Amino acid sequence: MNTPSSSLGDSRLLEDALRHDRYAAAASQLGDVQPITRMSAVLALIELADEWLQAVHLTKTQRRRKAQTVIDMLCSYVRSPFPLAAEQKRLLGDAPEDLEQMRRFRAEQAELEAEIQVRERILSEIHDRVRWQLRNGAGGSHRVPAEADMLTGAWSRLSYNFSGATFFYPVDFSESAWGEKVSFRGCTYRFDADFGASLYAADAVFSGSKYGEQVRFSDSVYRGYVSFAGSTYGGEARFEDSQYDGDVDFFGSTYRGSVTFANASYERRVRLSGSTYGLHADLSGCVYRDQALLSGCVYAADVSLRECQYRGNIADFSGCVYRENADLAGSIYEGATDFSQSVWHGKARLTGCMYFKNVNFASSTYRERADFGGSTFNRDTDFSGSTYQKAVVLGDSVYGGQTNLSGCTYLMGAYLSGNTYRGNVNLSRCCYRGDADFSESTYEGSAVFEACDYQGYTYFNECLHRGFVSFSGSTYANYTNFYESIYCGKANLGGCVYKKYPDFSSAAYFGDVTVAGARFSEQAPSFAGCVFNPDRANDFTTADESEYSIKLVDGYPENARVLTVSELEHLANVGPEDKGFTRWVRGLNSPKEEAQPVAV
């Protein structure tokens, strides 16, 4: 005797058997030559997937497994080639004039359009079932809400594989919630594609794809690994305001239209290196919390990387080419940073930046104005071996570690005034074809300016050197100004060639000073108002071939003087770190005011 429960079980078995029969029939109809039959098969499969997911007599795993079979079938259909798709460009053009050819042309157009409708319907039905909604029923926010406020679609927990598909029709998967892995690897999009405002809870792969028109991935959240590597974008590409929680890969991509990544947030390693940007690229306002790899890129138009935060241990921009203007102002770099071996064809703006670890700009070329002013370099900094073809600003900055500016070539003005160097600085073997301004700077460690060639006006005035400084072996072709500087350690001015008038007036030399071997070609230098330490070794002999020598009075340059006993005693008890030290020194060589002791 059949019980109610056994009858119910038999009924459900029968329903399952009928569904399997319907699945088999629909699957076979997908290959039918008639588009209306294929469309009917698609709708039947979609209905089956909905039924499987609502079959209460099955476990959740069983329901998803059966629905997944339908999804795999639909994705396989979308991936399958359609011969007339290769002729789409021709079929979108004008019809031929020959009557027979026109009939064939119209028939092919209708066949292609019918297939587009079938495939668009598949994507539309999937989209409707993976689209998220707000729990309060509101929609259209165009931004991914917090997951606690989100209702995901009925098909969101299924996986999708569209790899290798050619979409010869627009694609709209905006505002979708993908709960499992989704793959669009190696796809081709001939028209607009919209993936914006979507949630990817698992891995998402878009690598190796080609986008013919505009594509949008903006305002999205990626919880797992995501790859866009090796893709080509023919139109505008939008990735702005997105959040990436896993590793991200954009390596080796080509952007032929404008692209924006503005205000994106990267929690893990991101690779944007080896890419080419054909039009304007906006990567401003981004936050990188792990490694940021942007090396080897080519920017053919203006690029903005301003006001970004690099909080990981590496930010790599090495080997890039900037063919137009580049704006990287106001950014923060918390890890090691590398801009070496780059070429900047347009204006380079890196003002107001902060670098917490070592930074490398070595062996780079700047063909327009470069501005690094107002920045803070907390650790070692390397600009060595670079060429600046237009004016460069490296002033009003703080250099906290060892600073290497050696071996550089400046074809126009070089402005390094107002700096503070807390470690040693090397500016040797440089060539300055325009004016060079190092004035009003503070050097707390050693400073080496040896073997340089200065062709324009040169300014070292009003500087404070707490350690050793050497200008030896340099050539000054024009007016040179060292006045009102303070040298607390040894100062080497020897072995230089001064072809025009050098002004050393009103400076204070508290350590050893030498000008031995210097050559003055146009007139004798001025040391008027200078103060020297009589307890140090001072050498004012010039080179034998010097046209002018330094006129000495009692062993010191004319119109200069030595520290008095009381001044020496005071100097022994104070240093450049003491408040009022610079004002006291200024008073030593000023005839209008008496030097006031520094409060200790």
Side-chain angles (χ1 to χ4, degrees), residues 206-211 225-234 237 239 244 247-262 264 266 268-284 286-306 308-328 331 333-350 353 355 357-368 370 372 381-389:
F206 296 89
S207 57
S209 296
K210 297 179 180 179
Y211 302 87
Y225 167 78
V226 57
S227 176
F228 297 91
S231 295
T232 300
Y233 303 84
F239 298 87
Y244 302 87
D247 289 351
V248 188
D249 195 355
F250 290 93
F251 174 80
S253 294
T254 299
Y255 305 89
R256 293 184 177 137
S258 61
V259 58
T260 175
F261 295 88
Y266 303 92
R268 299 286 297 274
R269 178 178 180 266
V270 56
R271 191 166 69 143
L272 290 141
S273 49
S275 295
T276 300
Y277 300 84
L279 294 179
H280 177 71
D282 187 356
L283 293 91
S284 62
C286 294
V287 178
Y288 303 84
R289 292 186 171 87
D290 205 324
Q291 294 183 5
L293 308 179
L294 297 95
S295 61
C297 292
V298 176
Y299 302 90
D302 291 352
V303 56
S304 175
L305 291 125
R306 61 176 293 113
C308 291
Q309 299 178 39
Y310 302 87
R311 296 178 178 174
N313 61 341
I314 293 175
D316 187 359
F317 301 84
S318 62
C320 288
V321 177
Y322 305 86
R323 299 201 180 277
E324 296 293 341
N325 300 329
D327 187 355
L328 294 88
S331 293
Y333 304 84
E334 296 187 9
T337 305
D338 190 354
F339 286 94
S340 65
Q341 298 181 333
S342 295
V343 179
W344 310 70
H345 291 265
K347 294 178 181 178
R349 185 166 182 258
L350 296 96
C353 293
Y355 306 86
K357 295 295 178 63
N358 295 350
V359 56
N360 185 2
F361 290 93
S363 304
S364 294
T365 300
Y366 303 84
R367 295 192 171 146
E368 287 291 339
F372 300 84
T381 306
D382 190 354
F383 287 91
S384 64
S386 295
T387 299
Y388 304 89
Q389 296 182 1

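The structure displayed is predicted, hence computed values, not measured ones. What you see below is based on every heavy atom in this structure, not just the backbone, and it leaves out hydrogens, waters and symmetry mates.
A pairwise comparison of heavy atoms in S231 and G208 identifies OG-N, 3.3 Å as the closest pair. Between F251 and S275, the shortest heavy-atom contact is C-OG, 4.1 Å. The shortest heavy-atom contact between S253 and G230 is OG-N, 3.6 Å. When all heavy atoms of C320 and G296 are compared, the closest pair comes out as SG-N, 3.7 Å.
No side-chain donor-acceptor contact under 3.5 Å links T337 to the backbone of V359. A donor-acceptor pair is defined here as one N or O able to donate and one able to accept, closer than 3.5 Å; no such pair exists between the side chain of T276 and the backbone of G274. S207 places no side-chain N or O within donor-acceptor distance of the main-chain N or O of A229, the cut-off being under 3.5 Å. With hydrogens and angles ignored, the 3.5 Å screen pairs no side-chain donor or acceptor of S386 with any backbone N or O of Y366. In this structure a side-chain-to-backbone donor-acceptor pair under 3.5 Å is missing from S340 to A362.
Salt bridge D247/R269: absent, no basic N to carboxylate O contact under 4.0 Å.
With respect to H345, the side-chain hydrogen bond (donor to acceptor under 3.5 Å, both in side chains) criterion is satisfied by exactly one of E368, Q389, R367: R367. Of the options Y233, F261, F206, Y255, a ring-ring contact (aromatic ring centres under 6.0 Å, His included) to F250 is made by F261 and by none of the others. Under the ring-ring contact (aromatic ring centres under 6.0 Å, His included) rule, F317 has a single partner from Y322, Y310, W344, F361, which is Y310.
Below 30°, between 30° and 60°, or above 60°: for Y333 and Y355 the angle between ring planes is below 30°, a parallel geometry. The aromatic rings of F239 and F228 stand perpendicular to each other, their planes meeting at an angle above 60°, with 30° marking the opposite boundary. Between F383 and F372, the angle of the ring planes goes over 60°, which puts this pair in the perpendicular group of the 30/60° scheme.
Listed by chain and number, the residues in a side chain to side chain contact (heavy atoms under 4.5 Å, CB included) with D302 are H280, E324, N325 (sequence neighbours excluded). Shown here are the side chain to side chain contact (heavy atoms under 4.5 Å, CB included) partners of S363, two or more places apart in sequence or in another chain: Q341.
Atom OG of S273 and atom CG of D249 lie 7.5 Å apart (nearest 0.5 Å). Between atom CZ of residue R256 and atom CG of residue L279 there is a gap of 11.5 Å, rounded to the nearest 0.5 Å. Once rounded to the nearest 0.5 Å, the distance linking CG of L328 with CG of L350 reads 4.5 Å. One distance of note links CG of L283 with OG1 of T260; it measures 7.5 Å at 0.5 Å rounding. Atom OG of S331 sits about 8.0 Å away from atom CZ of R306, to the nearest 0.5 Å. To the nearest 0.5 Å, atoms OG1 (T381) and CG (N358) are separated by 7.5 Å.
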- Task: Could you go through the side chain to side chain contact (heavy atoms under 4.5 Å, CB included) check for C297 and Y277 one step at a time?
- Result: CA-CA 8 Å; C297 292; Y277 300 84; 4.3 Å; yes
